[in-house]
Amino acid sequence: MPKYDLQIKNATIVTENTIFKGNIVVKSGKIVGIYKDSSHDSYETIDAEGYYLLPGMIDEHVHFMEPCENEREDWIHGTASAAVAGVTTVVEHTHRCPVRSVEEFEKKKEYVKGRSYIDFGLAAHVWPGYYKEIPKLWERGVSFFKIFTLNLHDVPGHNNYMLFKVLSLIASVNGLSLIHAEDESIIRGMQEELRTEGANILQRWRNKVAEEVAVSNVIKIAEITRAKVTIAHASHPKVVQMVHEARSRGVDVWVESCPQYLFLDENILAQDERLFKFTPPARSKEEAQNMVELLQQEKIDIVASDHAPATKEMKTRGDIWTGIFGIPGIQTTLPLLLKLVSENKLSLTTIVKVYSRNPAIRLGLYPKKGTIMIGSDADFVIIDPEKKWTITDEWIISKARWTPYAGFSVTGKPIMTIVRGKKVVENDKIAIEPGWGEYIERNL
């Protein structure tokens, strides 16, 4: 009888710190051996000669919409999209069907059971009237608490007083928050001003000042309460700088950003503001280039997709004020990061840090997830570094069936995704039935 379940040999292994040639053996879903050259008796052997092997990516910020907006996205399409792009773990939260209580959390876990191709966590929303549920939700194992500083997506926002109260409570249980930071008063004032002018300009409406003011408030309150927070989807360099200045004086704040702030710029809004409506919006071309530089300098802690899909028809039904926020993104995040590698703007080890190791650490999943070491889950993505290809709408599995990156030329492609030792995707084809994915408990 073979000693191991799986052997991956001749791979160029990429960790957060180094790149080396080697073989990996897997037993019962765990990495049990890492060798330079020796071969081992296994039920299955994958020859990865000429390919890179990275730990599976972890996307901490996705919206699969179920069970309230299934026409936009569901767990089967969403996790299939993730798996095709090398993502082996996601953390999901849905605004229309928020998790605000232990009862809603347990119902959501049960609903997702049997529908995910990959491992997952669930976040809870912080909601007025449900604050007493916060300690119980953290004890039950939610991944983090999502907080808004403004009213958005039918989710009530938190002013500074409310933010102080809830961050104090979350800090008391050593909890983690992901905060959407835009200032309510600036956003609403600009909306009224622009409506009066008859101008539909997303950049002026969801402006940088509103983001900076809210981030400044969050940082100060986190400092006072000693809360652990991550700033969601930072859109421009000033926000990244604000976070790192705060970190230098001991505030436990991290910063997340997304591909839309690296690859898109405000000029795309001229095509159709409704279609490319997300918030914060894309900023200037120069700021996008600066964000890429900050990513390579590892001053952006975490990359996530903020996958919030809707079809083109759904996105363009209303006007700029009533249309849906969000774009599809989970299937294109790793390919776009690989594009930066091919252009010598990013290293593979940095990809592993910002899209695997760092989110695993922040979410309390490390070293079970986010690394390649003995004892870790056997979560891998195998990449063909020489593959030249073009992103197309037809390639997208999400129910959105489109991507803002259609037409982008990329070098480097995920060709196989393995979750806990099981092959989930090979050459863009799903290899298993949904339900392999498990809820992942954090160790915080």
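As the structure is a prediction and not an experimental result, all values here were calculated from the model.
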Problem set entry | Ring centres under 6.0 angstrom apart (W75, Y111) | no

Exercise. Of all heavy-atom pairs between I330 and A82, which one has the smallest distance, and what is that distance?
Worked result: CD1-CB, 3.4 Å

Exercise. Strictly under 6.0 Å, is that where the ring centroids of F148 and H95 end up?
Worked result: yes

For this session: Could you walk me through whether F278 and D306 pass the side chain to side chain contact (heavy atoms under 4.5 Å, CB included) test, one step at a time?
Result: CA-CA 10 Å; F278 53 88; D306 191 11; over 6 Å; no

Exercise. With a cut-off of 6.0 Å (strictly less than), are more than 12 heavy atoms of other residues, nucleotides or ligands near CD of E103?
Worked result: no

For this session: Could you walk me through whether R206 and E182 pass the salt bridge (charged side-chain N to carboxylate O under 4.0 Å, His left out) test, one step at a time?
Result: CA-CA 8 Å; R206 324 295 298 201; E182 292 180 283; 3.3 Å; yes

Exercise. Does the side chain of V126 reach to within under 4.5 Å of the side chain of I134, using non-hydrogen atoms?
Worked result: yes

Exercise. Looking only at heavy atoms, which two atoms of S257 and M291 are closest? And how far apart?
Worked result: OG-CE, 3.3 Å

Problem set entry | K387 atom NZ, over 12 foreign heavy atoms within 6.0 Å | no

For this session: Can you see which heavy atom on V424 is nearest to which on I432, and at what distance?
Result: CG2-CD1, 3.8 Å

Exercise. Would you say K220 has more than 12 foreign heavy atoms packed within less than 6.0 Å of its NZ?
Worked result: no

For this session: Search all heavy atoms of G421 against all heavy atoms of L6 and return the closest pair with its distance.
Result: O-CD2, 3.8 Å

Seminar exercise, completed: Taken to the nearest 0.5 Å, the spacing of I300 CD1 from L295 CG works out to 5.0 Å

Problem set entry | Presence of salt bridge, K368 and D377, under 4.0 angstrom | yes

Exercise. Does atom NZ of K30 have more than 12 heavy-atom neighbours from other groups under 6.0 Å away?
Worked result: yes

Exercise. Is there a side-chain contact between P280 and E211 (heavy atoms, below 4.5 Å)?
Worked result: yes

Exercise. Is it true that the NZ or CZ of R195 lies under 6.0 Å from the centre of W205's six-membered ring and within 45 degrees of the ring axis?
Worked result: no

Exercise. With no hydrogens and no angle check, do the side chains of R401 and T311 hold a donor and an acceptor under 3.5 Å apart?
Worked result: no

Problem set entry | Under 3.5 Å side-chain donor-acceptor pair for E16 and T371 | yes

For this session: Mind running salt bridge (charged side-chain N to carboxylate O under 4.0 Å, His left out) on D379 and R420 for me, showing each step along the way?
Result: CA-CA 5 Å; D379 295 348; R420 286 178 286 108; 5.4 Å; no

Problem set entry | Salt bridge present between K107 and E110 (N-O < 4.0 angstrom) | no

Problem set entry | Heavy-atom neighbours of E139 CD exceed 12 at 6.0 Å | no

Problem set entry | S185 and D183 side chains, donor-acceptor separation under 3.5 Å | yes

Exercise. Can the ring centroids of Y4 and Y43 be said to lie less than 6.0 angstrom from one another?
Worked result: no

Exercise. Is the H153-F325 ring centre distance short of 6.0 angstrom?
Worked result: yes

Problem set entry | Y51 atom OH, neighbour heavy-atom count above 12 within 6.0 Å | no

For this session: Taking all non-hydrogen atoms of both residues into account, name the closest pair between T88 and I118 and its distance.
Result: O-CB, 3.4 Å

Exercise. Does atom CZ of R188 have more than 12 heavy-atom neighbours, drawn from other residues, nucleotides or ligands, at distances under 6.0 Å?
Worked result: yes

For this session: Give a yes or no on whether the ring-centroid distance for H61 and H233 is below 6.0 angstrom.
Result: yes

